[in-house]
Amino acid sequence: MAWISEQLLQTIGRHALNECITRQKIIELTKLDVRQVENALTRLVENELLERTKPGCYQLTTYGHIALAEGKEKLRSGPRGKQNRVRIYKNSLRSKVWRAICIKSEKGKFSVSDIEESVITGNEKDAKNNIHHYLKLL
């Protein structure tokens, strides 16, 4: 089964290849929910496969024609944005280090030992190594 954005693109290609098609007509042809159609149309416009010619009316772009002819789709869902970002959990050693850095940097310079003294409670496993590794990442 094709993804909703792909279904819309194919439907528009079959029924309105070189002309404007309304949102309501797309809903009638695909039998999809209004919200599904809205989200998919937004995605197609963002990917420059469709353009809004007037409110509620859409037409394939040149890129949309090419993608439809070649069958190349980049319309899959999945994670977007910063996937490789280091996640810092609340009240973890690293979050405490970050807060200590923010506080100490307002007063001026600080050293790694200043940070270690203010954050290590004794319950952390290999705290000094973790702090050094985190500072290298920053």
Side-chain angles (χ1 to χ4, degrees):
M1 181 173 167
W3 293 76
I4 294 172
S5 297
E6 292 172 358
Q7 287 177 338
L8 262 60
L9 190 64
Q10 291 167 1
T11 301
I12 293 168
R14 281 192 304 272
H15 298 282
L17 189 59
N18 294 313
E19 58 191 49
C20 177
I21 187 168
T22 63
R23 178 184 310 126
Q24 191 58 38
K25 183 70 174 174
I26 295 169
I27 292 168
E28 290 171 16
L29 291 170
T30 59
K31 307 282 191 260
L32 292 169
D33 183 64
V34 175
R35 188 164 183 94
Q36 290 175 310
V37 171
E38 284 294 324
N39 291 338
L41 287 172
T42 302
R43 180 111 164 106
L44 289 167
V45 170
E46 286 173 355
N47 284 295
E48 300 177 357
L49 298 171
L50 285 182
E51 62 183 349
R52 288 184 188 97
T53 54
K54 54 187 172 183
C57 195
Y58 299 87
Q59 188 170 358
L60 285 172
T61 63
T62 305
Y63 184 66
H65 283 284
I66 293 169
L68 192 59
E70 293 179 356
K72 292 184 179 177
E73 310 298 341
K74 289 186 183 179
L75 307 172
R76 306 283 187 216
S77 63
R80 287 191 238 165
K82 302 174 182 177
Q83 288 88 22
N84 296 327
R85 182 173 68 182
V86 174
R87 175 116 190 231
I88 300 173
Y89 295 93
K90 189 176 181 178
N91 292 326
S92 68
L93 179 65
R94 289 183 177 193
S95 67
K96 291 176 185 176
V97 169
W98 181 253
R99 284 193 301 265
I101 289 171
C102 292
I103 292 168
K104 302 249 184 214
S105 64
E106 288 178 358
K107 297 176 182 176
K109 295 181 179 180
F110 60 89
S111 66
V112 177
S113 60
D114 291 339
I115 299 294
E116 289 174 351
E117 288 174 10
S118 60
V119 209
I120 296 176
T121 61
N123 298 334
E124 300 89 359
K125 180 181 177 184
D126 201 16
K128 288 187 178 187
N129 188 29
N130 194 350
I131 292 171
H132 285 272
H133 183 69
Y134 180 58
L135 293 174
K136 284 181 188 177
L137 288 174
L138 293 175

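This structure is a prediction, so every number in the text was calculated from the model and none was measured.
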Grab the two heavy atoms, one from [X] and one from [Y], that are nearest each other, plus how far apart they are.
{"X": "G13", "Y": "L68", "result": "CA-CD2, 3.3 Å"}
{"X": "E28", "Y": "K31", "result": "O-NZ, 3.0 Å"}
{"X": "H132", "Y": "E116", "result": "NE2-OE2, 3.0 Å"}
{"X": "K104", "Y": "S118", "result": "CE-OG, 4.0 Å"}

Within-4.5 Å side-chain heavy-atom neighbours: I27 and R23: yes
query: Taking side chain as C-beta onward, heavy atoms only, is L135 less than 4.5 Å from V97?
result: yes
field: Pair H133-R94, side-chain contact (heavy atoms from CB on, under 4.5 Å): steps then yes or no
entry: CA-CA 10 Å; H133 183 69; R94 289 183 177 193; 3.2 Å; yes
- request: Applying side chain to side chain contact (heavy atoms under 4.5 Å, CB included) between L44 and each of L49, I4, L60, N39, report the one that passes.
  value: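 In the set L49, I4, L60, N39, the residue that makes a side chain to side chain contact (heavy atoms under 4.5 Å, CB included) with L44 is L49.
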field: Worked verdict on I101 versus L138 for side-chain contact (heavy atoms from CB on, under 4.5 Å)
entry: CA-CA 11 Å; I101 289 171; L138 293 175; 4.0 Å; yes
Are any side-chain N or O atoms of [X] and backbone N or O atoms of [Y], one a donor and one an acceptor, separated by less than 3.5 Å?
{"X": "D114", "Y": "S111", "value": "yes"}
{"X": "T61", "Y": "E48", "value": "yes"}
{"X": "N130", "Y": "D126", "value": "no"}

- request: Could you walk me through whether T11 and R14 pass side-chain contact (heavy atoms from CB on, under 4.5 Å), step by step?
  value: CA-CA 5 Å; T11 301; R14 281 192 304 272; 3.5 Å; yes
task: Identify whether I103 and I120 are in the same connected component of the hydrophobic contact network (ILVMFWY, side-chain heavy atoms under 4.5 Å).
output: no
Using 0.5 Å steps for rounding, measure from the [atom1] atom of [X] to the [atom2] atom of [Y].
{"X": "C102", "Y": "F110", "atom1": "SG", "atom2": "CZ", "answer": "8.5 Å"}
{"X": "E19", "Y": "C57", "atom1": "CD", "atom2": "SG", "answer": "9.0 Å"}
{"X": "I21", "Y": "H15", "atom1": "CD1", "atom2": "NE2", "answer": "7.0 Å"}
{"X": "Y58", "Y": "I26", "atom1": "OH", "atom2": "CD1", "answer": "7.5 Å"}
{"X": "I12", "Y": "H65", "atom1": "CD1", "atom2": "NE2", "answer": "10.5 Å"}
{"X": "R43", "Y": "L8", "atom1": "CZ", "atom2": "CG", "answer": "13.0 Å"}

